[in-house]
*Asks:* 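I have a structure I would like to understand better, so I am pasting it below and will then ask my questions one at a time.
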Amino acid sequence: MARQRVMVVGGGLAGLSAAMKLAELGIDVDVMSLTPVKRSHSVCAQGGINSCSDQTRQAGDSEWKHFDDTVYGGDFLQHQPPVKEMAYWAPKIINLMDRLGVTFNRTTEGFIDRRRFGGTLYKRTAFAGATTGQQLLYALDEQVRRWEVAGKVRKYEHWDFLGPVLDNHGVCRGCVGQDLVSMEIRAFPADAVLIASGGCGLLYGRSTNSVMCTGSAVSRCFQAGAKYANGEFIQVHPTAVPGADKLRLMSESARGEGGRVWVPRTPQDPRNPRDIPESERYYFLEERYPQYGNLVPRDIATREIFDICINEGLSVEKGRQCVYLDLTHIPRQELDRKLGGILEIYEKFQGVDPRVTPMKIFPAVHYSMGGLWVDYDRTADGGLRSASPTNMVTNLPGLYALGECNYQYHGANRLGANSLLSCIFDGLFAAPGLEVWLSSRATAAAEAPASLFESEVRRQQACQQELIRRPAGGENPYLLHQTLGEVMTKAATVVRRNPQLRDALREVEELAARAKRCALADTGQWTNQNLVFTRALLDMFPLAQTILRGALARDECRGAHYKPEFAMPHLTGETTAQRRAEADAWCTRFDENNRRWLKSTVAVWQPREESVQLSYEDVDTSLIPPRPRLYGLVGAALIEEVWNQRVTAQLARVP
Amino acid sequence: MERRPVAASTDCRPFLARNEFLIRRLHSLTGLIPVGAFMTVHLATNASVLDGPATFQRAVYQIHSLGRLLPVVEWAFIFLPILFHGLLGLVIIRGGMVNTGSYPLIGNIRYVLQRATGVIALVFILCHVFHMHGWFHSELWLERVVEPLGGGRFRPFSAPSTLGAAMQGGLVIPALYAVGLVACVYHLANGLWTMGITWGVWAGPQAQRRANWICGTAGVVLGILALSALYGAMTVDVPRAVEIEDALYEARVTAHKLAPNERKRADAERTGRGGSRVE
Amino acid sequence: MAENHREGEAAKTFDVRILRQAGPGQASYWERHRVSYEPDMNVISVLQKIAAHPRTADGQDVTPVAWDCNCLEEVCGSCTMVINGRVRQACSALVDRLLEQHPDEIELRPASTFPVVRDLVVDRGRLFQALKKVTAWVAVDGYYDRGEGPPQSQEEQEQLYPLSHCMSCGCCLEACPQYARVELTRGVDESPEEFVQRQAETYDRLFLGPHAISQVILFNSHPTGRHMSSLRLDALIAEGGIQLCGNAQNCVAVCPKDIPLTTSIARAGRAATVHALRKWFDV
Ligand SMILES: Cc1cc2nc3c(=O)[nH]c(=O)nc-3n(C[C@H](O)[C@H](O)[C@H](O)COP(=O)(O)OP(=O)(O)OC[C@H]3O[C@@H](n4cnc5c(N)ncnc54)[C@H](O)[C@@H]3O)c2cc1C
Ligand code: HEM
Ligand code: SF4
Ligand code: SF4
Ligand code: FES
């Protein structure tokens with residue numbers, strides 16, 4: 001048999017960890033990326049990466065608790081075995097990254113320092129200043145360069161993945177890519193293709209994501225028949241800074257290091273925030289969630305900010321959702337050591353020193369919990385079978401999805417500092433399974449009939465020709481993208497309402513139709529960014545539709561998906577007895593809702609109708625049963641009490 | 001698309017290329033030892049003329065006590081190292097570029113000045129050695145070539161007077177000397193500082209700043225020394241200097257510290273002043 | 001900031017002069033675009049506006065300008081270009097500040113030490129090749145679990161962390177007077193692989209640049225990375241090595257990540273000399 005090769009699409013943390021592990025296993029790897037891999041979006045990650053550690057263990061933490069926090073944070077929407085496996089791998093991953101030279105911050109004695117992140121009570125997050133993603137990515141980039149020198153890895157940087165090549169059994173035998181410099185389109189026979197192409201923030205126009213996060217690679221797989229799950233779960237980060245081109249994140253680590261969120265009690269108080277006395281500040285997160293304080297999960301923090309700004313009118317700037325994020329009480333030296341990276345960003349782009357003046361921050365679209373649907377191989381004790389080719393494979397055999405672009409770990413809401421973990425875990429864990437997959441193949445993709453690849457290349461060339469030949473004066477792709485962003489941001493972010501979603505769907509369909517008439521301003525065959533962007537734009541519509549359809553169909557509130565119409569009530573009764581009755585009804589409704597909605601949304605693209613078909617799939621919650629997700633909200637203690645009584649009673653009934 | 005040769009100099013490279021590091025370190029080293037060290041001593045010796053012709057003449061006798069070895073020493077420890085450093089310097093200059101237009105940063109300006117002063121120094125030193133010394137001790141060369149061209153003006157046994165004579169009679173020569181000297185001094189002082197980085201003596205920004213003061217001070221001191229020497233040479237009272245030289249000469253001959261020297265006497269007779277070259 | 005830039009004028013515009021080039025080997029030319037002012041703009045958002053409406057100031061329709069960017073927050077190193085004569089990241093070049101320095105006009109050029117691919121896009125392959133040359137990685141045994149990494153003091157971490165920030169943007173190389181431009185073209189009789197090989201060999205003979213020297217210090221200071229010190233120092237004293245630095249210190253002045261490059265250069269210079277002496281006299 002000819003030598004087998006694996007194609008990794010994407011050189012972020014997920015792609016690179018897979019590439020290096022595959023190379024270690026002796027497998028030849030190609031890595032394709034839009035940017036030089038060292039410039040992948042993972043560099044932007046700031047705050048850190050989670051694992052329990054010897055120190056948190058002594059405070060009562062464990063891998064199980066990390067697992068529990070993750071599924072609780074995700075509102076139980078994730079299949080639990082992969083999450084469990086990831087949590088148990090986490091300490092090993094930190095150790096490995098440490099050995100690879102990641103410059104994690106250290107304690108005085110020389111241990112890896114940890115900080116607290118949202119949705120947990122433990123200081124679990126390892127960090128390298130406020131540029132953790134950059135440091136992790138560089139360590140992996142270095143290892144992959146090492147394998148490149150050793151001849152095991154070939155890089156195709158500045159290449160655009162145009163789609164998988166499937167044989168007539170539906171097995172993925174490679175992919176087609178385009179050189180973004182010479183615009184050459186060619187096929188890459190591969191015995192497995194790993195999609196590790198990250199998120200799709202650009203669907204929302206401006207977000208905290210990098211400009212390459214168009215979701216194009218994922219969409220092309222989706223349009224080729226891969227399933228897409230939980231699309232409607234889009235994380236809006238509570239703390240970012242708006243700019244003309246991007247919403248720049250101010251990491252959760254700012255709050256992890258003691259940053260406090262507040263608004264003046266007087267609406268739009270014109271005073272300098274430094275001059276507003278303590279008594280006139282409303283630390284609303286701390287007051288509403290005394291236990292978690294500023295570190296409630298992101299969906300909750302964002303909704304509270306929405307509530308404070310829109311419903312209570314306390315926004316710092318009128319008509320926007322702006323609150324203060326205050327670090328000024330923390331010693332300057334400590335800030336520089338632990339948060340230097342983000343403070344510099346704020347200073348550079350806002351021209352204000354956040355060590356002296358509280359930052360003005362706004363919510364921003366940040367992360368897609370949804371992604372390509374992938375499978376896993378469950379062991380009896382609820383973990384993942386290692387070296388199983390079933391892990392992380394999409395519904396198309398030979399096509400795998402890793403990192404942010406799959407849907408596996410974060411359910412309805414991702415906890416901060418869990419994504420870097422899931423990306424690296426995916427890469428490391430998938431590789432041995434791929435080795436098994438390769439050895440199970442009878443023939444190498446390189447031996448597959450050339451016509452298989454040629455016809456796909458010709459199809460892509462024809463698509464491109466069609467784009468280039470369009471008459472001038474058509475729609476402007478950049479303006480369409482802007483409109484798409486506005487539509488998506490209005491309808492499918494923090495608060496969602498069915499009429500708005502319906503309107504948005506219609507608008508997106510219209511935009512998709514208009515996009516078919518896009519004209520290129522550049523019809524050349526050399527570094528044609530206009531063409532590449534337009535093609536990515538065209539591929540945004542199927543994902544946008546998936547998000548909107550999923551959101552429209554899901555009539556409940558779960559994690560980042562919030563519809564006021566279906567929100568669970570607060571307890572309003574006068575007497576304890578009344579409130580207890582309400583709590584009881586609450587719990588019953590909660591149970592019923594879970595029976596109906598604790599399901600993954602699975603979307604399939606209908607190429608002929610150019611529309612999305614949804615179905616629902618049960619979630620494996622066999623390890624940790626779902627429970628109300630209240631994070632100690634003031635006034636909701638009774639619900640938890642009632643719930644716990646019910647659980648105890650239920651357990652008593654089981655012999 | 002055609003096959004284009006890479007860098008013009010690749011072909012003749014192997015030896016230079018293989019030893020690029022060694023050669024560059026030698027270049028750096030020769031800048032200080034022996035060239036910089038010699039220059040410092042040389043300037044100090046010459047500045048001694050301020051103390052009177054006798055002091056200077058004695059200092060010159062000191063140097064010339066090497067006798068027959070002197071040419072060997074001159075070439076091995078002074079001329080060849082300077083030529084090595086200087087010519088290699090020209091090669092190095094070709095490998096860099098000037099971008100102070102875009103980056104008018106102090107370090108960058110100094111980088112350019114280091115190169116400019118190097119070139120000035122090279123021209124100056126070539127001329128200066130010709131003007132005073134004549135490069136080779138061969139009689140024929142000196143009489144037929146050097147002296148007719150106005151070079152070889154210095155006579156070790158009549159040091160102050162010949163030096164003075166060479167520097168007097170017009171401001172052009174002293175002005176050129178001033179430029180050359182300042183260039184050399186800047187080049188040495190700044191070179192000392194960059195050398196400290198090249199060899200890793202001062203690494204951090206603070207250390208480099210401190211070193212900057214030290215090198216700067218050394219430069220100012222050297223500069224004062226150099227200009228004093230020039231001033232001293234320009235203000236030598238030549239006739240008086242001749243008397244003193246002659247007296248010193250006679251005293252040395254009488255004390256058998258010096259063999260009577262034909263040229264010295266002949267020169268004295270011919271010109272009515274002192275002046276002779278040692279063999 | 002936005003407030004003090006001639007507030008109140010309606011529909012303000014400013015000009016952007018861009019040095020364009022259709023491809024390698026083609027002539028470059030200046031093109032002027034007029035952009036309407038908005039608050040909080042940076043050079044990337046200006047280029048985005050131009051891409052959306054590729055029309056010159058005198059009303060001619062042109063192809064959109066090509067440029068590189070990704071993170072838009074100065075961590076990925078993509079968007080290096082020469083803005084108003086000085087190399088920097090376009091994403092952090094705020095229009096308000098630029099107009100304060102040069103009212104009404106912003107000038108954009110591609111980095112000049114790298115071959116132009118198109119317009120503002122340059123090929124920085126040489127910069128990455130240098131990382132290969134200096135073995136810029138920690139050669140761990142493998143990616144299996146082997147427990148924690150070597151212990152490190154807070155002080156050590158604080159030494160290494162700044163060095164590991166290098167985002168390979170190439171600003172230092174653009175400003176370095178010792179880093180001369182080379183542009184190779186593929187020969188007609190040359191396969192892409194051969195060309196890549198020849199490129200790598202050529203780059204290896206030329207100055208590797210301050211960023212790579214600094215990486216040597218980073219990895220030679222790491223408790224495990226240090227095991228390969230002599231390999232890295234070999235690279236530093238090979239052709240194109242540290243000896244080519246002329247101490248102009250432009251690199252450190254323009255590095256957007258404030259990497260202490262000249263400190264690294266001095267330390268590397270010392271280590272390289274000791275290494276060379278040891279090689280000659282010890283083995
Ligand atoms: C500002 C910010 C801060 C964050 N901070 C944290 C944090 O502190 N902790 C945490 O855990 N998570 C954090 N996250 C989330 C986390 O950074 C990302 O989820 C994660 O880095 C994604 O990595 P990835 O490997 O999946 O993909 P990416 O790093 O996004 O890489 C995608 C790769 O795919 C390539 N690619 C994409 N499309 C194509 C195509 N069509 N053809 C070829 N190649 C393609 C790209 O070139 C790139 O190499 C943060 C995210 C943001 C936006
Ligand atoms: C008066 C005699 C000279 C003295 C005392 C002298 C001294 C020095 C010193 C100490 C250095 C620093 C070396 C380093 O940075 O590593 C230096 C560098 C240099 N010198 Fe000279 N030099 C002299 C003449 C010349 C001449 C004649 C030239 C050639 C034109 C020249 C060209 C250079 C150059 C180009 C450098 C920089 C080398 C580098 O950056 O690597 N120098 N010199
Ligand atoms: S110090 Fe060296 S590397 Fe830095 S700019 Fe100057 S010559 Fe270049
Ligand atoms: S050292 Fe600084 S300027 Fe040079 S490539 Fe790295 S980050 Fe850019
Ligand atoms: S776009 Fe990443 S550095 Fe500017």
*Asks:* At their closest point, which heavy atom of B:A203 faces which heavy atom of C:R267, and how far apart are they?
*Replies:*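 Taking every non-hydrogen atom into account, CB-CG, 3.9 Å.
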*Asks:* Check this for me: C:Q101, atom CD, are more than 12 non-hydrogen atoms of other residues, nucleotides or ligands nearer than 6.0 Å?
*Replies:*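 Counting other residues, nucleotides and ligands, CD of C:Q101 exceeds 12 neighbours.
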*Asks:* Taking 4.5 Å as the heavy-atom cut-off, does anything in residues 211-228 of chain B contact chain C, and if so which residues?
*Replies:*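 Expected list: none.
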*Asks:* Checking an interface table here. Which of residues 75-91 of chain B come within a heavy-atom distance under 4.5 Å of chain C?
*Replies:*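 Checking residues 75-91 of chain B against chain C gives no residue, so none.
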*Asks:* Would you say C:T262 and B:I197 make side-chain contact, with heavy atoms under 4.5 Å?
*Replies:*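 The answer is no, as the side chains (C-beta and beyond) never meet within the 4.5 Å cut-off.
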*Asks:* Given side chains that start at C-beta, do those of C:L244 and B:E20 come closer than 4.5 Å, heavy atoms only?
*Replies:*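 A side-chain contact under 4.5 Å exists here.
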*Asks:* For B:W193, is it the side chain, the backbone, both or neither that has a heavy atom under 4.5 Å from a heavy atom of chain C?
*Replies:*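 B:W193 touches chain C through side-chain heavy atoms alone.
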*Asks:* Please classify the contact between C:F207 and chain B as side chain, backbone, both or neither, with a heavy-atom cut-off of under 4.5 Å.
*Replies:*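 Neither part, no heavy atoms under 4.5 Å.
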*Asks:* At a heavy-atom separation under 4.5 Å, does C:Q243 approach chain B through its side chain, its backbone, both, or neither?
*Replies:*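 Contact with chain B involves both backbone and side-chain atoms of C:Q243.
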*Asks:* Could you pull out the closest heavy-atom pair between C:I242 and B:F21, with the gap in Å?
*Replies:*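 So the minimum-distance heavy-atom pair works out to CG2-CE1, 3.9 Å.
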*Asks:* What residues of residues 27-43 of chain B sit under 4.5 Å from chain C when only non-hydrogen atoms are counted?
*Replies:*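 Residues in range: none.
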*Asks:* Heavy-atom count check: over 12 atoms from other residues, nucleotides or ligands less than 6.0 Å from C:R278 CZ?
*Replies:*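 Open: at most 12 neighbouring heavy atoms sit under 6.0 Å from CZ of C:R278.
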*Asks:* Taking non-hydrogen atoms and a cut-off under 4.5 angstrom, which of residues 97-119 of chain B neighbour chain C?
*Replies:*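 Residues of residues 97-119 of chain B touching chain C at under 4.5 Å: B:M97, B:N99, B:S102, B:Y103, B:L105, B:G107, B:N108, B:Y111, B:R115.
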*Asks:* Any idea which heavy atoms bring C:A266 and B:Q208 closest together, and the distance?
*Replies:*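 Smallest heavy-atom distance, with atoms named: CB-NE2, 4.2 Å.
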*Asks:* Closest heavy-atom contact between C:W280 and B:L22?
*Replies:*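 Scanning both residues completely, I find the closest heavy atoms to be CH2-CD1, 3.4 Å.
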*Asks:* Any idea which of C:A272, C:A271, C:C245, C:A175 has the most non-hydrogen atom pairs under 4.5 angstrom with chain B?
*Replies:*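 The candidate making the most pairs under 4.5 Å is C:A175.
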*Asks:* Please classify the contact of C:V87 with chain B as side chain, backbone, both or neither, using a heavy-atom distance under 4.5 Å.
*Replies:*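 Both the backbone and the side chain of C:V87 come within 4.5 Å of chain B.
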*Asks:* Measuring heavy-atom distances to chain B, does C:T113 have an atom under 4.5 Å in its side chain, in its backbone, in both, or in neither?
*Replies:*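 When you check distances to chain B, only side chain atoms of C:T113 fall under 4.5 Å.
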*Asks:* Just checking B:Y231: does its OH atom have more than 12 heavy atoms from other residues, nucleotides or ligands closer to it than 6.0 angstrom?
*Replies:*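 Not more than 12 within 6.0 Å, no.
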